[in-house]
Amino acid sequence: MVVTGVTLDSRAIRPGDLYAALPGANVHGASFVAMAVGNGAAAVLTDPAGASLLALSELPVPVLVVPDPRASLGPVAALVYGHASEQLTMLGITGTNGKTTTAYLLDSALRALGHVTGLIGTVETRIGEDRIKSVRTTPESADLHALFAVMLERGVDTCTMEVSSHALALHRVDGVRYDIVAFTNLSQDHLDFHGSMESYYLAKASLFTPERALRGVVCVDDEWGQRLTRDSGVPVVSVSSRQDRRADWQIRAVGQGASEFDLIGDSGELSLRSALPGDFNRVNTAVAALMLMAAGHANDAIETALATDPHVPGRMERVLGEDFPSIEHASRSRMPLAVVDFAHTPDAVAAALKALRHNTSGLLIVVLGAGGDRDAGKRDAMGAAAAAHADIVFVTDDNPRSENPGEIRAALMRGAIAQDQSADRPSEGRIREIGDRAAAIRAGVAVAGVGDTVVVLGKGHESGQEIAGVVHPFDDRVELRAALVDHASSNKPSAGHERGSTSSDVIRGEAR
């Protein structure tokens, strides 16, 4: 018997594949063994429960039974696909926020340095110049090792990966040993899966073990990063943007809110520029620089390679007036700054709004929702973060999934209003609820004028909105662009500025 591939999907079986019949949320994969064998499966891997389902079946192929087949699947897939990852330089990034941006910064810089690269993450999978939309941040282990084999066949020499906490807890990256790993930060998210921040942290920290990595880079701006430098089972270098933190490398901004910064350590100094706004993107850029340094690249080459904007989809992505050639230049010049960002945790919402405040002379207007069937405990805090840092907040739907959208919005509203109450500030007219996301985006643009910023948070690069089990086409960037075109084409003063300077000044003063 020769096994030539591995899959968890009985419908995707090709002759010679090993079919992994794993327990599922609703149905055991063993229920589909007959289909898999009929499609050419050469063998079956399952657990005792799966084996009992097959007891009455006479299968013409071997059945391998192990206590935890998911834990065995990664090493098995690595073996079947020739341990392809061992022949690539493997870079892995984990953390609550910043994984995607840091991965794109690395991939862009590596290409500039002459490498043929692969990228696996939330937005897409890249193999050289080919791009495939991602289903999840980190693929299942069988698919992951198959991807490595394809990358190797196509001349890729370096693969950059986002490594999610789910992937680490569910054995998706088993069988991979990364050359360099990085930790960006940890804040509340995914507690519906992990149950506690401690469990969430331990999942992330498991990437920093000799079985999974050789060495690492850790941002110590938060307490979790500080703890990880002590807990790590592999050598790490630390970096911080905070002057009250001891770290191997310090980030020193050049001017208030500037994108240029110095990265200073005992072994040298780099002059870097963040292509994206915000303190957190200086950190992401610094982490990418240290990973490149650990990979053996020279400081001057790193400075040049990281200077180019990598264009990270849905991460501080601007919808520009130059995108509207049909609109007269005078009308385009009156458009507000318009931005889409994936921020969907309290810390990320606060960081995005603080970053945009530096670039906003007028009102900072945010459109924000929260996903359903996910960590419900963060919703009040997300609303509070929006109210604390924006002048006008439009609470709307994100991906309600199977939950009642009104209940999700109520939690965000509760947090926003409580924040205003604690600051002794009226919420009426400043905190607004519009369930329809497209209508909320249009309303946000309608109150904006010259010098103002409209930022739509939560969905970023996503091109669909899931409501009651149905995914509807929806892209924040498309909706924001359409709202801007309609607004500019009307050639009318914005609703916000029609109220007169007194009302606008009140909002500006109270929000700050």
Side-chain angles (χ1 to χ4, degrees), residues 278 316 319 336-372 376 378-400 405-449 451-460 476 479-480 483-484 487 494-497 499 503-512:
M316 283 295 179
V319 177
L337 173 64
V339 177
V340 170
D341 191 76
F342 192 53
H344 60 279
T345 68
D347 281 4
V349 169
L353 293 174
K354 285 191 285 187
L356 290 168
R357 178 64 74 190
H358 288 303
N359 299 307
T360 303
S361 59
L363 296 173
L364 178 55
I365 302 155
V366 63
V367 180
L368 173 72
K378 66 182 180 180
R379 295 169 186 169
D380 289 63
M382 288 173 64
H389 299 287
D391 298 307
I392 302 176
V393 179
F394 287 92
V395 170
T396 189
D397 292 341
D398 189 296
N399 292 308
E407 293 179 1
I408 299 173
R409 295 196 304 272
L412 291 162
M413 290 291 292
R414 185 169 59 243
I417 292 170
Q419 172 63 34
D420 274 358
Q421 289 174 342
S422 68
D424 195 22
R425 178 173 52 201
S427 296
E428 186 176 356
R430 202 179 84 81
I431 312 296
R432 313 179 190 185
E433 181 179 1
I434 301 176
D436 183 284
R437 193 172 180 89
I441 291 171
R442 288 195 298 272
V445 170
V447 300
D452 295 344
T453 295
V454 180
V455 56
V456 184
L457 298 181
K459 288 171 58 59
D476 283 349
E479 296 296 334
L480 184 54
L484 288 165
H487 184 52
S494 71
H497 294 276
R499 292 194 302 266
S503 175
S504 180
D505 289 344
V506 167
I507 291 176
R508 294 173 201 274
E510 288 179 346
R512 300 181 194 183

task = Quickly, which of Leu480, Leu368, Leu356 forms a side-chain contact (heavy atoms from CB on, under 4.5 Å) with Val455? Name it, please.
result = Leu356
task = Would you mind reporting whether His389 and Val349 have side-chain heavy atoms less than 4.5 Å apart?
result = no
request  = First locate atom CG of Leu412, then atom CD1 of Ile408, and finally report the distance between them rounded to the nearest 0.5 Å.
outcome  = 8.0 Å
task = Any chance you could measure His344, atom NE2, to Lys459, atom NZ, to the nearest 0.5 Å?
result = 11.5 Å
query = Is it true that Asp391 and Arg357 have a side-chain N and a carboxylate O under 4.0 angstrom from each other?
reply = yes
inquiry  = Looking at every non-hydrogen atom in both residues, tell me the closest pair between Asp341 and Ala352 and how far apart they are.
reply    = OD2-CB, 4.2 Å
key: Shortest non-hydrogen contact between Ile431 and Ala416, atoms and distance   = CG2-CB, 3.8 Å
message = So that I can tick it off, tell me whether Asp397 and Arg409 are bridged by a salt bridge, with the cut-off set at under 4.0 angstrom between side-chain N and carboxylate O.
response = yes
message = As an exercise, state the distance from CG of Leu457 to CZ of Phe342, rounded to the nearest 0.5 Å.
response = 11.5 Å
message = Working to the nearest 0.5 angstrom, can you tell me the gap between Ile365 CD1 and Thr453 OG1?
response = 8.0 Å
ask   = Which residues satisfy the side-chain contact (heavy atoms from CB on, under 4.5 Å) test with Ala384, sequence neighbours excluded?
value = Gln419
inquiry  = Once side chain to side chain donor-acceptor pair (under 3.5 Å) is applied, do any residues pair with Asp380, and if so which ones, sequence neighbours excluded?
reply    = Arg414
